[in-house]
Participant: 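I'd like to ask some things about the structure below.
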Amino acid sequence: MNDQPIRVRFAPSPTGPLHLGGIRTALYNYLFARQHNGTFILRIEDTDQSRFVPGAEEYVLEALRWCGLEADEDVNKGGPFAPYRQADRDEVYRNYVQVLVDRGHAYYAFDTPEELDDLRHQYQKEGQEQFQYNVTSRNQLKNSLTLPEVEVRQRMDRGDPFVIRILIPENQEVVFHDLIRGEVSVHTDNLDDKVLFKSDGLPTYHLANVVDDYLMKISHVIRGEEWLPSAPMHLLLYRFFGWESEMPRFAHLPLILKPDGHGKLSKRDGDRLGFPVYPLQWTDPDTGEVSRGFREEGYLPSAFINMLALLGWNPGTEQELFSLEELIHLFSLERIHKSGSKFDPEKAKWFNHQYLAHLPDEELAEMLVQLAVGSSQLAMGSLQLATHQFTRSPAHQLSDLVYARRIIPLIKDRITLIPDLWTNAWFFYFAPESYDLQVREKVWKPDTPQLVTSFTAEAEQLRVWTSESILQLVQDFTGRTGVKMGQLMMPLRLLVVGSNQGPGLMEIAEVIGKENFISRIKTGKSRGNS
Ligand code: GLU
């Protein structure tokens, strides 16, 4: 690599929420910048006013913040090349497009959208190839190449709407090196004269993107594969401006595919198969439709980032868990795959489970307290816990961190998403209010009530209440009476937890305490389990 400072940018258009592929693009840019002590820039590409969606820019900023991928230069922080929102830079583009017109690399076109639409239909009807404004058609259309100069002037003075198009040179081969794909070569006769400047006085993506990458001294353009077809035309723009020697290097990232590998992953796949595709929840401002994000599902940003890093890249070893520091150290554009990567929702969960299980118990306890304190709302259904309507007061203080800390070691292996902390712990706080009928049918035998009553009577006498002393009692009891462990333990669990779920019953008994344990059994029995 030469001595040019590394400057990369993530350049989303605020046309909606970011998809996880967008975050992956941001992540790879971020890793590359950090590895080379470079600069990571966030530029908002909002020159297409017709596609502007309110809230989308804020969403991008919040999503990057949640992921820990904050930019060094952006719309809020500013930086040496501010402003970083293209709509605030419109004057800049006007001057540059004029340079192209003056040099004969761009021209004015007066065809109305209706005229072009008619042409498209006509081509279609006649079974011709799709209409394109290009080397063959441009000579029959209304533009400054075909109209007399005076008419062009007149039209412009009159205020006729016009666009400015790039003049794609005939019969040339455009070749460039992509850091992921290798040599890419396109014949100019396959390119069309794209609009650079629109009739609303704003540039299109192509012009604004190239001008800004140049002005912001971008060294590497790392972006999604969908932009690969535009790259040859961008190269021509660099050439026309005389900037070719300062052109950034290109790296086009492979697509993220549906779990079955057939086609690009879309929001619809997430809706259909029940997983998020957005980092954060998004409410569609038009329809009000709410789409949950990885954050709301209960993913840790660190797990989400680790999963995304491996969706298109690997370090060449079997290692799968990487801290951000390790990723910064190991990442390389050369190891990005050429072909698309399947998104695997189960693998995403696996990553989250790994990260949660490795968190310190104190941190998990704090999360549990938060969920417990919010449990009255949770019970209303926001976490699908409607089966447990906690109308009664809890047996233990919901905000007690020391208590939560005792529960964590018992449940942490069972936690995949953050809300699982609560689904696996609520019975440490609340007695069950209903009992799983299927389990009841299986475990409740004619002699069960008698067994439970005698065991409870003995348990009440127990002085030292620990999981070991309770186990000792259970062993004595079953040894003496000849009943099998399961015959006693399964009904007890049903009365204490409401189902056959949860960690070891002795551990639950120890944590909830003797009084609660005994009272749950008695209440349960009196509720018809007799
Ligand atoms: N504004 C483009 C987008 O929305 C950026 C493409 C690029 O990085 O050049 O994806």
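Just follow the structure's listing: the first ligand is 1, and inside any ligand the first atom is 1.
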Participant: Please name the residue in the list Leu116, Leu119, Ile166 that meets the side-chain contact (heavy atoms from CB on, under 4.5 Å) test with Tyr133.
Facilitator: Leu116
Participant: Below 6.0 angstrom between ring centroids: does that apply to Phe250 and Phe176?
Facilitator: yes
Participant: Should Leu237 and Leu100 count as side-chain neighbours, where that means a heavy-atom distance under 4.5 Å?
Facilitator: yes
Participant: Indicate whether any N or O donor in one side chain lies under 3.5 Å from an N or O acceptor in the other, for Gln98 and Asp102.
Facilitator: yes
Participant: Is it true that the side chains of Asp212 and Tyr93 contain a donor and an acceptor less than 3.5 Å apart?
Facilitator: yes
Participant: May I have the step-by-step check of side-chain hydrogen bond (donor to acceptor under 3.5 Å, both in side chains) for Gln354 and Glu320, ending in yes or no?
Facilitator: CA-CA 10 Å; Gln354 294 296 323; Glu320 292 190 284; over 6 Å; no
Participant: Give every pair formed by an N or O atom of ligand 1 and a protein N or O atom closer than 3.5 Å, one pair per line with both atom names and the distance to 0.1 Å, or write none.
Facilitator:
residue  : atom   : partner : partner atom : Å
ligand 1 : 1 (N)  : Ala11   : O            : 2.8
ligand 1 : 1 (N)  : Ser13   : OG           : 3.0
ligand 1 : 1 (N)  : Glu45   : OE1          : 2.6
ligand 1 : 4 (O)  : Ser13   : N            : 3.3
ligand 1 : 4 (O)  : Ser13   : OG           : 3.2
ligand 1 : 8 (O)  : Arg9    : NH1          : 2.7
ligand 1 : 8 (O)  : Arg9    : NH2          : 3.4
ligand 1 : 9 (O)  : Arg9    : NH2          : 2.9
ligand 1 : 9 (O)  : Tyr205  : OH           : 2.9
ligand 1 : 9 (O)  : Asn209  : ND2          : 3.0
ligand 1 : 9 (O)  : Arg223  : NH1          : 2.8
ligand 1 : 10 (O) : Trp227  : NE1          : 3.2

